[in-house]
Amino acid sequence: MERYDAHTIEQKWQDEWAREDAFAVENPAPGSERDGRHFYMLEMLPYPSGTLHMGHVLNYTLGDVVTHFRRRNGYTVLRPMGFDSFGLPAENAAIKEGGNPLEITERNIASIENQMRRMGWAIDWDREVSAHEPSYYRWTQWLFLKLFEHGLAYRKEAPVNWCPNDQTVLSNEHVVDGRCWRCGAVVEARNMEQWFFKITAYSDELLDDLSTIDWPERTKKIQRQHIGRSEGAELIFRLDELDRDIPVFTTRPDTVFGATFFVVAPESPLVDELVEGTDRAEEVRAYARIAAARPTEERASREKTGVFTGRHAINPANDERIPIWVADYVLMQYGTGAIMAVPAHDERDREFAETYGLPIVPVVGENGTLVNSGRFDGLPWREGIDAIVAWLSERGKGKPAINYHLRDWSFSRQRYWGCPIPVVYCDDDGIVPVPESELPVLLPEVENYRPKGEPPLAQATEWINVPCPRCGKPARREADTMDTFVDSSWYFLRYTDPHDDEAPFERRVADYWMPIDQYIGGIDHAKGHLLYSRFFVKALNDLGLLGFREPFQRLFHQGWVLLDGKRMSKSQGGVTPDELIERFGADPIRIYILVQGPADQDIDWTPDGIEATVRFVRRFWRVVHDAAARLPSPEGVDTPLARKAHEVIARVTDDIDRRFVFNTPISAVMELINELSKAPDDPAARFAAETAVSLLQPYVPHVAEELWGVLGHSRLWETPWPQADEALLRHETIELVLQVNGK
RNA sequence: GCGGAUGUGGCGAAACAGGCAAACGCACCGGUCUCAGAAACCGGAGGUCCACGACCGUGAGGGUUCGACUCCCUCCAUCCGCACCA
């Protein structure tokens, strides 16, 4: 028996799989129907920082086990890989260390690819794509143009987060406690023209279709909460002095009789209109300017402030004149940017009313019925909602309405390393799309990646100055680039048809593979990537480019790998996958990362654990070699060891297939190995060894393949999955448990 | 404040549809082998006690049941998400 040498074995089989292109799959011939024997397995694609980390190892090993399991159960499995290769980190590295983002990115990709091969993951490398390659982002631009054409991408002025130190706009995710995540400077609010995708056009559908997909309930909850649909009414408040109506949204129209004042958001255009030409104009405008500039985080944490405008509105329910205030606790982005304040029944309104001495009139009594509400007194407040809306509606002063928290997706970034937005600004023609035939708009080389009050691309004078595609007069290209989440909102479609140079993908092919049967990735993408991708698929479906409306049929979130209680989202000293492969080999790492506990739960990285796994693999190696020296087991032999083997087949299969758990199968095979080592003379010894090797192959494909050869077989990676014999699953004796008084 | 998840030996965990709690593994203890150590192998182990056995044990308390880690109710603790959304 040779010594178990992970590196030799792993290299040997990785070379073999690469030579055979063992995990590549063909696209269907025209006319093929999706037949239920096809499986699209996908894990979220990595961002190419310098190296993989243990979280990646868990993510992709999980997907790998599923891939092998499905393949050996007769499925054709599409399991591609690519890189989310645009984005800030490469650009920042270039600013900091010199070099350019392209070189840094491509160096990192090469390094990660190498690590992925060394992990032995069964990937179809023929379909590899990277977001920064012109052959990919050409189609990102093409899809943008389609969305623009249909009004789903648009440009408007909106408040953004501005870092005065880095001289750039930050996404909401990059503002931490009101500060820039990189330099720590306090972020300012600024109004800027930005590009948006009209994701809000799909609010209801994004909400409703959650019931059609097999996702963890907590993820659906996060999306539901993020979309934040609330039903209520729009009520009209009359402003006699200006001969004008102001609508407000409320979820509690039953409390309208208690609306004792009215509040407008500081950034509302209404503010100017209200105070124009009055003696309060200066004071109110000064307040509004300061309050509006304050970041939302700060606004929420400090005491509410406000100022009286001198104007009054008419409460539509009781015709009372109520004062109009401007206050920082009212948000412009939600509803109409103005509210009716009901201090008796809303905490925020109460706080404000108490601070400024405004009247508080209760309109819902202790028993939940309406009071001080005229003809509606005595009605339970829930019934009051419909009754009052109907009554106001008859008088033209209100109607039922629905509001959402979800806002349109701002996707323009004032940074360099991203997909150029293919439009040109012309003085005469306005925003002009770049003609399809001129795609891709290539990202040009620039001198300096650091933005200085304008995006780096604005410095690329030769690139930015072009004739208008429509009239030919001098015009300028868009200098903003796209958020990287745009790239990752459709990559799974490109995988289905990665070499297509006529279209982003052929609809027939995309429809064949999609939707993804099993998607695996972190829950941190619950309301970002996972929502954006759903929006993209729905929009592209509406454009006739796809035949389905949800991208990810089943979703699973792996847990985090923790070191000293902290997430290993970065490579950490001593425990990078590279170093671990070098010390222990890929197979022990693969098994370790899954045996620790349920895959959707966080696991602690411990050095002891990996040592134990190495010991187990050596033991596995030895016990199987011993069994290989035995005579082949007779077909259908019925011994305790044979029955154990069949029981373990049934358990492992059920665990992976139905339960989607990956730790207990390893325990089950360990039990089988233990029993085999205790009963080496059992006639089923060889069968038990074959079963153990076969069942463990998805976890440790290299050593399993080698041992399969030792047992006299070949090509385990395409050998059908073992079947449990029902006859041998029955226990020969029935245990009769008698209990008396529960004992 | 709103929403969600989790709580089982010294540790990671298992027990899937209510049926012998702690499988499998770590750490630990003992033994074999060895000059010695490592490795490997064999064995032990929830707690308490009058120890052949008995009792207690799944965050706490109650309930349903012949029987509860599992189902129901009330708490407690920890973690996560959202949060001036009218």
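Small disclaimer: the values here were computed from a predicted structure and weren't measured. In the text below, chain A, chain B and the rest are named by the order of the sequence lines, each starting its count at 1.
In the set B:A86, B:A13, B:C82, B:C82 carries the atom at the smallest distance from any side-chain atom of A:Gln225. Looking at the side chain of A:Arg615, the nearest of the listed nucleotides B:A86, B:G12, B:C26 is B:C26. The side chain of A:Arg619 lies closest to B:C41 when the candidates are B:C16, B:A14, B:C41. Closest to the side chain of A:Ser667, from the set B:G43, B:C24, B:A40, is B:C24. Which of B:A15, B:A23, B:C26 sits closest to the side chain of A:Arg659 comes down to B:A15. Comparing B:G43, B:C16, B:C26 by their nearest atom to the side chain of A:Arg651 picks out B:C16.
Taking the P atom of each, B:U70 and B:G18 are spaced 11 Å apart, rounded to whole Å. Nucleotides B:A68 and B:U58 are separated by 11 Å at their C1' atoms, to the nearest Å. Of the P atoms belonging to B:G1 and B:G9, the separation is 30 Å, rounded to the nearest Å. Taking the P atoms as reference points, B:C2 lies 27 Å from B:U8, given to the whole Å. To the nearest whole angstrom, the two C1' atoms, one in B:G25 and one in B:A60, are 30 Å apart. Taking the P atom of each, B:A15 and B:U6 are spaced 14 Å apart, rounded to whole Å. B:C29 sits 33 Å from B:U78 when the C1' atoms are compared, rounded to a whole Å. As rounded to the nearest Å, B:A22 and B:C69 have P atoms that lie 12 Å from one another.
Projected onto RNA chain B by closest heavy-atom contact, A:Ser677 and A:Pro598 fall at different nucleotides, the more 5' of which corresponds to A:Pro598. Summary of the strand contacts: A:Asp654 and A:Ala668 both lie near RNA chain B, and taking for each the nucleotide with the nearest heavy atom, the more 5' one is attributed to A:Asp654.
Pairing of B:C75, defined by two Watson-Crick or G-U wobble distances under 3.5 Å, is identified with B:G59. In a base pair of the Watson-Crick type (N1 to N3 plus N6-O4 or O6-N4) or a G-U wobble (N1-O2 and O6-N3), with each distance short of 3.5 Å, B:C35 is matched with no nucleotide. The partner of B:A83 cannot be assigned: no Watson-Crick or G-U wobble pair with both contacts below 3.5 Å exists in any strand. If you check B:G19 for Watson-Crick or wobble pairing at under 3.5 angstrom, you find it paired to B:C66. When Watson-Crick and G-U wobble pairs are counted only if both distances are under 3.5 Å, B:A51 pairs with no nucleotide at all. Nucleotide B:A13: unpaired (no Watson-Crick or G-U wobble partner with both distances less than 3.5 Å).
A centroid separation of less than 6.0 Å is found between the aromatic rings of A:Phe352 and A:Tyr329.
In this structure, A:Asn674 reaches the sugar-phosphate backbone alone: every heavy-atom distance under 4.0 Å involves primed, P, OP1 or OP2 atoms, never a base. Among the protein residues, A:Gln596 comes within range of the sugar-phosphate backbone only, with heavy atoms under 4.0 Å from sugar or phosphate atoms but none that close to a base. Across all strands shown, A:Ile222 has heavy atoms under 4.0 Å from sugar-phosphate atoms exclusively, and none from any base. Among the atoms of the strands shown, none is found under 4.0 Å from any heavy atom of A:Thr606. Base contact: A:Val330 has a heavy atom under 4.0 Å from a base atom. Residue contacts shown for A:Asp604 are absent, as no nucleic acid heavy atom lies under 4.0 Å away. Within 4.0 Å (heavy atoms only), A:Arg622 reaches sugar-phosphate atoms of the nucleic acid but no base atom. At a threshold of 4.0 angstrom between heavy atoms, the contacts of A:Gln601 are confined to the sugar-phosphate backbone, with no base atom among them. Heavy atoms of A:Arg407 sit under 4.0 angstrom from at least one base atom. At the heavy-atom level, A:Lys527 lies under 4.0 Å from the strands shown only through sugar-phosphate atoms.
A:Phe620 and A:Phe616 have parallel rings, their planes meeting at less than 30° on a 0 to 90° scale where 60° marks the start of perpendicular. Under the 30°/60° scheme for interplanar angles, the aromatic rings of A:Phe376 and A:Trp391 are found to stand perpendicular. Relative ring orientation between A:Trp621 and A:Tyr4 is described as tilted, the plane-to-plane angle lying within the 30° to 60° band. Using bins of under 30°, 30° to 60° and over 60° for the plane-to-plane angle, the ring pair A:Trp605/A:Tyr592 lands in the perpendicular bin.
B:G9 has its base syn relative to the sugar, with a glycosidic angle deviating from 0 by at most 90°.
Dense packing is recorded around CD of A:Glu217, with more than 12 heavy atoms of other residues, nucleotides or ligands lying under 6.0 Å away.
One cannot find a donor-acceptor pair under 3.5 Å joining the base of B:G1 and the side-chain atoms of A:Glu347. Side-chain atoms of A:Arg218 stay outside donor-acceptor range of the base of B:C80, with no qualifying N/O pair under 3.5 Å.
In this structure, a donor-acceptor pair under 3.5 Å is present between the side chains of A:Thr305 and A:Asp328.
The phosphate of B:G25 (OP1 or OP2) has no side-chain N or O of A:Thr613 nearer than 4.0 angstrom.
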Problem set entry | Worked check of side chain to side chain donor-acceptor pair (under 3.5 Å) between A:Tyr287 and A:Thr309 | CA-CA 11 Å; A:Tyr287 168 79; A:Thr309 59; over 6 Å; no
